[in-house]
Novice: 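Please read through the structure below; I'll follow up with questions.
Atoms within a ligand are numbered from 1 in the order they appear, just like the ligands themselves.
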Amino acid sequence: MADIFRPRKRSEIMSRIRSTGTAPERLLFRLVREAIGGRRRIARNVRTLPGQPDILIPSFRLVIFAHGCFYHNCPRHGHQPKSNRQYWSPKLAKNAQRDLQNTRKLRALGYAVWRLWEHDFKPSRLEATGRLLKRRLERRLLYLEE
Ligand SMILES: [Zn+2]
């Protein structure tokens with residue numbers, strides 16, 4: 001489908017979508033909290049780390065992002081808008097580049113970096129995402145305790 005919106009208009013719409021309803025970041029926090037219980041500290045929206053991770057679990061040496069499908073070009077829903085391509089292509093490419101750099105920096109600091117997508121938090125997928133997250137967190141803990 002062609003992108004019928006001009007870039008600025010599109011930006012407004014995307015930010016409005018992100019700011020309404022239950023944001024993926026909040027759902028991510030809820031799932032992580034459910035998975036690891038109340039005793040371990042979970043920091044949110046950590047400005048002091050590269051890329052400002054949505055979640056930091058210090059005792060797991062782990063950061064987790066909940067990425068928007070459009071801005072971060074998810075393999076399933078990330079698409080290049082058909083109009084205003086000269087605006088969006090470099091912008092989306094830059095986002096991808098920045099994500100990669102931030103991942104490298106975070107790993108260099110000793111963190112594992114997980115990325116989940118906006119679509120993982122759709123109501124129909126939320127439960128499965130919660131289960132997957134719980135399994136991965138359990139594995140991460142085993143790995144750290146070895
Ligand atoms: Zn997606």
Novice: What number of protein N, O or S atoms occur at distances under 2.8 Å from the Zn ion (ligand 1)?
Specialist: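 If we list every protein N, O or S atom nearer than 2.8 Å to the Zn ion (ligand 1), we get 4.
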
Novice: Please check this pair: side chain of Arg41 against backbone of Leu56, looking for a donor-acceptor N/O pair closer than 3.5 Å.
Specialist: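 No, Arg41 side chain to Leu56 backbone: no donor-acceptor pair under 3.5 Å.
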
Novice: Trp117 ring centre to Arg76 NZ or CZ under 6.0 Å, with the angle to the axis within 45°?
Specialist: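 No; the conditions do not both hold, so Arg76 does not lie above the ring face of Trp117.
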
Novice: Would you call Leu141 and Arg40 a side-chain contact if the rule is heavy atoms closer than 4.5 Å?
Specialist: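 Answer yes - side chains close enough.
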
Novice: Please go through Leu132's hydrophobic cluster and name the other residues, only I, L, V, M, F, W, Y counting, with side-chain heavy atoms under 4.5 Å joining them.
Specialist: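 Hydrophobic cluster check, Leu132: no partners found.
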
Novice: Could you tell me if Arg44 sits above the aromatic ring of Phe29, with its cationic atom closer than 6.0 Å to the ring centre and no more than 45 degrees from the axis?
Specialist: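 Yes, cation above the ring, under 6.0 Å and within 45°.
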
Novice: Do Glu127 and Arg131 sit within salt-bridge range, that is, some charged N less than 4.0 Å from a carboxylate O?
Specialist: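 A salt bridge is present here (some side-chain N lies under 4.0 Å from a carboxylate O).
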
